[in-house]
Amino acid sequence: MLQLRKEPAMSAALLRQESPQPMYVVKLHNSAYTLDPYRERLESQGLKVMDGESYEATLDLAMEYHPVLFVVHDDPAGGIDALRWLQIQHTAPQGWMATTPLIILADESRMPELRREELPDRVLVLQRRADTLNRLGYVTRALLNLWDPV
């Protein structure tokens with residue numbers, strides 16, 4: 001697990017000043033909600049979020065925007081399996097795809113299976129629940145090295 005120094009939360013304005021190029025996140029989620037708190041949390045950190053509703057659409061977005069982070073809403077019953085995305089990401093011909101950090105948002109029932117795929121500083125699995133929004137901001141900053149690890 002990541003161990004980080006406690007530092008004040010970085011404001012979105014500060015992040016935009018430090019990064020002249022937009023930092024893109026590509027999110028794979030096949031259900032278009034009117035309100036998406038995960039998107040809002042990422043955007044509040046100054047990240048530009050692009051939504052893919054299928055594996056193919058997400059790959060197209062990745063090739064166009066070269067994201068700094070992927071976020072996958074695991075929902076096998078709805079057609080999005082995070083394990084399938086992980087396989088696609090790791091076998092893509094573009095080397096940068098395999099090293100782009102991935103956050104998987106999953107239901108409790110899938111946690112044991114998905115946790116086996118975690119890689120320190122590269123693949124993290126978070127359970128979708130009320131407190132996940134708070135952890136998402138913290139984990140995103142850690143994965144993207146927006147502050148120095150201890």
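One-based numbering along the sequence shown. Owing to the predicted nature of the structure, the values given are computational and were not obtained by experimental measurement.
- A side chain to side chain contact (heavy atoms under 4.5 Å, CB included) with W85 is found for exactly one of I104, L102, I80, D74, namely L102.
- Counting all heavy atoms, side chain and backbone alike, T100 lies closest to Q89 at O-NE2, 2.8 Å.
- In terms of hydrophobic clustering, with Ile, Leu, Val, Met, Phe, Trp and Tyr side chains grouped at heavy-atom distances under 4.5 Å, L124 and F70 are assigned to different clusters.
- A continuous path of hydrophobic side-chain contacts links L47 to L105 [ILVMFWY only; heavy atoms under 4.5 Å].
- In this structure D107 satisfies the side chain to side chain contact (heavy atoms under 4.5 Å, CB included) test together with S109, R128, sequence neighbours excluded.
- Expressed to the nearest 0.5 Å, how far CD of E53 lies from NE2 of H73 amounts to 11.5 Å.
- With sequence neighbours excluded, the residues forming a side chain to side chain contact (heavy atoms under 4.5 Å, CB included) with E113 are L83, R110, R116, listed by chain and number.
- When all heavy atoms of D51 and L61 are compared, the closest pair comes out as O-CD1, 3.2 Å.
- Residues Y55 and D81 are in side-chain contact: their nearest non-hydrogen atoms beyond the backbone lie under 4.5 Å apart.
- Note that the CG atom of L136 and the CD atom of Q45 stand 7.5 Å from one another [nearest 0.5 Å].
- Nearest heavy atom pair, residue L28 against residue S54, reads CD1-O, 3.4 Å.
- Pairs engaging residues 61-72 under the salt bridge (Lys or Arg N to Asp or Glu O under 4.0 Å) rule: none recorded [sequence neighbours left out].
- At a threshold of 4.5 Å between non-hydrogen side-chain atoms, the residues V25 and M50 do not count as touching.
- Cluster annotation: V139 and V71 are assigned to the same hydrophobic cluster (Ile/Leu/Val/Met/Phe/Trp/Tyr, side-chain heavy-atom contacts under 4.5 Å, transitive).
- Legend: salt bridge (Lys or Arg N to Asp or Glu O under 4.0 Å) pairs involving residues 86-99, not counting sequence neighbours: none detected.
- Ring centroid separation for the pair Y38 and H29 does not come in under the 6.0 Å cut-off.
- Pairs passing the salt bridge (Lys or Arg N to Asp or Glu O under 4.0 Å) check and including a residue from residues 87-105, sequence neighbours excluded, do not occur.
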Dump the intermediate steps for side-chain contact (heavy atoms from CB on, under 4.5 Å) on R39 and K27, then the final yes or no.
CA-CA 8 Å; R39 172 190 258 284; K27 188 165 64 72; 4.1 Å; yes

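- By the criterion of side-chain heavy atoms lying less than 4.5 angstrom apart, applied directly or through intervening Ile, Leu, Val, Met, Phe, Trp or Tyr residues, V26 is not grouped with L143; the two fall into different hydrophobic clusters.
- Placement of L59 and V72 within a single hydrophobic cluster is found when ILVMFWY residues are connected by side-chain heavy-atom separations under 4.5 Å, directly or transitively.
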Do any side-chain atoms of residues 90-98 form donor-acceptor pairs under 3.5 angstrom with protein atoms, and if so which ones, sequence neighbours left out?
from, atom 1, to, atom 2, distance (Å)
H90, NE2, R122, NH2, 2.3
T91, OG1, Q87, O, 2.7

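- Of the possible donor and acceptor atoms, one in the side chain of E118 sits under 3.5 Å from a partner among the backbone N and O of V125.
- A pairwise comparison of heavy atoms in A62 and P67 identifies O-CD, 3.6 Å as the closest pair.
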